[in-house]
Protein chains: 2
Amino acid sequence: MAQDTPPAKRGRKRAVREDEVVAAAIRLLGARGADAVSIRGIAAELGLAPNAVYTYFPDRAAVVGAVVEHLLGQTDLAALTSRDTPWRDRIHALATDLRHRLLAHPGAVHLLLSGPMDGPHALALGEALLAVLTDAGLAPTEAARASYLLIVQVLGAIALEAAELPSPDPAPPIAERVATRREQLRAVPAHLYPRTTEAADTIAQFVSDEQYAWGLDRVLDGIEGRAKD
Amino acid sequence: MAQDTPPAKRGRKRAVREDEVVAAAIRLLGARGADAVSIRGIAAELGLAPNAVYTYFPDRAAVVGAVVEHLLGQTDLAALTSRDTPWRDRIHALATDLRHRLLAHPGAVHLLLSGPMDGPHALALGEALLAVLTDAGLAPTEAARASYLLIVQVLGAIALEAAELPSPDPAPPIAERVATRREQLRAVPAHLYPRTTEAADTIAQFVSDEQYAWGLDRVLDGIEGRAKD
DNA sequence: CAAATTTCTGTACGCTGTGCAATTAATGTA
DNA sequence: TACATTAATTGCACAGCGTACAGAAATTTG
């Protein structure tokens with residue numbers, strides 16, 4: 001059986017553990033935005049000299065990768081694959097969960113998109129999506145394409161929302177963000193952009209749960225049309 | 001009539017023009033990636049001291065915003081709204097154009113997503129999309145939501161593709177990127193991720209024109225289902 | 001106790017954005 | 001022509017970043 005106690009290595013003891021580095025990074029991410037996730041900031045958070053971080057990760061990109069993995073690992077994949085509820089509802093639940101989780105740390109999605117998502121949790125998420133979409137009646141190839149489409153949709157929507165948030169703040173509530181957008185849209189000259197002006201109310205609500213769910217539903221409609229059931 | 005010659009201002013003459021600053025930034029973006037788009041790099045490119053750039057833009061974010069505007073302004077919106085071809089084809093053409101243009105400078109999409117897209121060219125793009133989708137038979141509110149969905153889809157797909165490119169290089173050809181992905185997928189343990197392993201060929205082709213077009217078609221299917229025609 | 005090994009620290013280099021004061025170059029007025 | 005006014009540019013400086021290198025500290029093995 002796997003013995004928990006490591007085989008008593010030789011040199012000096014480690015002051016922290018790798019997961020504490022990740023935890024410190026996420027603490028900074030939540031408190032002061034993506035730019036605050038710096039080697040020096042993490043080291044200060046842990047009470048270490050900056051260089052000590054390089055004992056645990058080879059460079060900053062590796063730390064960010066571990067943070068991304070941690071964030072992706074928080075999603076409940078069991079709920080995604082359980083067949084108690086219709087598959088569309090399960091995907092909706094996952095997407096909503098991801099959105100709230102990632103918008104809770106504005107800038108987190110920047111980290112997601114700053115490197116390839118090839119860790120175990122990313123793979124597990126893809127695998128679970130494949131299972132759901134196979135359930136939905138898609139052939140393997142179509143299920144794979146649809147899973148990527150969904151990832152694109154979810155991360156794209158979150159990225160666009162995050163793009164208009166000044167990163168350090170703890171993300172104002174949606175109602176306030178919509179109000180800000182509506183205010184800015186009042187400055188759009190109606191003679192140059194008549195349709196934009198006419199649809200200003202809807203456009204102001206692009207950053208809302210409703211728009212997010214609407215877009216996801218259109219994507220799911222398109223996917224459902226490919227099911228052979 | 002509007003007189004071209006500016007009314008002979010008082011102080012020292014400007015060494016460059018604002019659009020030359022943007023051009024220098026784009027030159028750097030293409031040659032050395034998004035990280036090279038720095039105030040100091042731009043200044044060196046123009047033969048100026050770094051601070052001189054602040055004569056033309058208040059801070060780096062403003063320069064990036066101008067670069068984004070320039071990139072968005074290169075798209076042919078006239079072709080998007082002309083009714084010679086079916087609306088789906090027109091959107092396909094726009095999406096393809098945007099993808100190739102943005103992937104030509106890997107990291108460009110990072111700039112796009114680093115701030116709100118509220119410039120005139122961004123507005124014009126939105127307005128043109130609204131026109132196309134109204135043509136397609138959508139009510140104004142639905143057209144607005146669908147236009148945002150399309151922007152999310154296009155930028156999301158490009159962002160995910162760019163995420164796995166090491167930014168400075170001039171973007172290897174698609175075939176090579178697919179081959180790299182296929183190679184990496186061979187390391188995925190089949191017993192943990194059976195469906196992923198089975199669909200590896202399709203997954204390797206996530207970064208391809210075909211997947212991009214497929215996803216766009218599913219989104220358009222979903223949108224078309226809302227047309228009242 | 002000494003040797004070996006690992007981790008942590010001190011220092012340093014080159015890079016970033018950008019604020020402040022002084023300089024340079026152009027124009028308007030006397 | 002001389003001077004004042006104004007705008008653009010520069011030099012310098014500061015604080016921050018990632019990270020490479022050498023040495024000190026801590027811990028286990030012989």
Side-chain angles (χ1 to χ4, degrees), chain A residues 3 5-22 24-25 27-29 31-68 107 110-111 114-115 166-168, chain B residues 3 5-22 24-25 27-29 31-68 107 110-111 114-115 166-168:
Chain A
Q3 189 72 22
T5 47
K9 286 202 305 181
R10 198 133 121 128
R12 182 172 177 171
K13 275 204 171 77
R14 294 193 161 194
V16 297
R17 276 171 291 116
E18 296 184 14
D19 61 86
E20 296 182 72
V21 177
V22 174
R27 229 174 297 137
L28 287 169
L29 178 65
R32 305 200 282 113
D35 289 348
V37 182
S38 65
I39 297 290
R40 298 175 118 99
I42 292 167
E45 191 81 7
L46 297 170
L48 294 176
N51 308 349
V53 176
Y54 290 92
T55 304
Y56 304 92
F57 296 95
D59 52 24
R60 192 189 109 101
V63 181
V64 169
V67 168
V68 167
H110 273 88
L111 300 187
S114 69
S167 88
Chain B
Q3 190 70 22
T5 47
K9 286 203 305 181
R10 195 125 125 138
R12 183 173 176 171
K13 275 203 171 72
R14 295 194 160 192
V16 297
R17 276 171 291 115
E18 296 184 14
D19 61 87
E20 296 183 71
V21 177
V22 173
R27 228 174 296 136
L28 288 169
L29 178 65
R32 305 199 283 111
D35 289 350
V37 182
S38 65
I39 296 291
R40 297 174 118 99
I42 292 167
E45 190 82 7
L46 297 170
L48 294 176
N51 307 348
V53 176
Y54 290 93
T55 303
Y56 304 90
F57 295 95
D59 51 26
R60 192 189 108 100
V63 180
V64 170
V67 168
V68 167
H110 271 86
L111 301 187
S114 69
S167 86

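None of these values were measured; they are calculated from a predicted model. Chain identifiers are assigned alphabetically (A, B, ...) following the order of the sequence lines, protein sequences preceding nucleic acid strands; residue numbering begins at 1 within each chain. Values reported hereafter were calculated over all heavy atoms of this structure, with side chains retained and with hydrogens, waters and symmetry mates removed.
For Arg12(B) against dT5(D), no side-chain N or O and base N or O form a donor-acceptor pair under 3.5 Å. Counting atom types as modelled, Arg40(A) pairs a side-chain N or O with a base atom of dG18(D) as donor and acceptor under 3.5 Å.
Rounded to an integer number of Å, the gap from Ile39(B) CD1 to dG19(C) C1' is 13 Å. Distance Leu28(B) CG to dC15(C) C1': 15 Å, rounded to the nearest Å. Remark: C1' of dC15(C) and CZ of Arg32(B) are 11 Å apart, rounded to the nearest angstrom. Distance CD1 (Ile42(B)) to C1' (dT18(C)): 14 Å, rounded to an integer number of Å. The CG atom of Asp59(B) sits 9 Å away from the C1' atom of dG17(C) (whole-angstrom rounding). As a whole-Å value, the separation of Arg14(A) CZ from dT9(C) P is 14 Å. Separating the CZ atom of Arg17(B) from the P atom of dA8(D) is a distance of 15 Å, rounded to the nearest angstrom.
Under the side-chain contact (heavy atoms from CB on, under 4.5 Å) test applied with Val67(B), the options Ile42(B), Leu111(B), Leu28(B) reduce to a single match, Leu111(B).
The nucleotide whose nearest atom lies closest to any side-chain atom of Ser38(A) is, among dG18(D), dG17(C), dC8(C), dG18(D). Proximity note for Tyr54(B) (side chain, C-beta onward) versus dT19(D), dC8(C), dG17(C): the nearest is dG17(C).
Side chain of Asp59(A) to main chain of Ala62(A): a donor-acceptor pair is present (N/O by atom type, distance under 3.5 Å, no hydrogens or angles).
Pro50(A) and Ile39(A) make their closest contact through O-CG2, 3.6 Å (heavy atoms, listed as atom of the first residue, atom of the second, distance).
Residue Phe57(A) is out of contact with every strand shown, counting any heavy-atom pair closer than 4.0 Å. Among the atoms of the strands shown, base atoms are found under 4.0 Å from some heavy atom of Thr55(B).
Between Tyr56(B) and dA7(D), a side-chain N or O to OP1/OP2 separation shorter than 4.0 Å is absent. Taking only side-chain nitrogens and oxygens, Lys13(A) never comes nearer than 4.0 Å to OP1 or OP2 of dC8(C).
Counting only heavy atoms from C-beta outward, the side chains of Arg14(B) and Tyr56(B) approach each other to under 4.5 Å.
Taking CD of Glu20(B) as the reference point, atom CZ of Arg27(B) lies at 8.5 Å (rounded to 0.5 Å).
Comparing Arg10(B) and Ala52(B) by the nucleotide of DNA chain D whose heavy atom lies nearest to each, the residue mapping closer to the 5' end is Arg10(B). When each of Leu48(A) and Ala61(B) is assigned the nucleotide of DNA chain C bearing its nearest heavy atom, the one mapping closer to the 5' terminus is Leu48(A).
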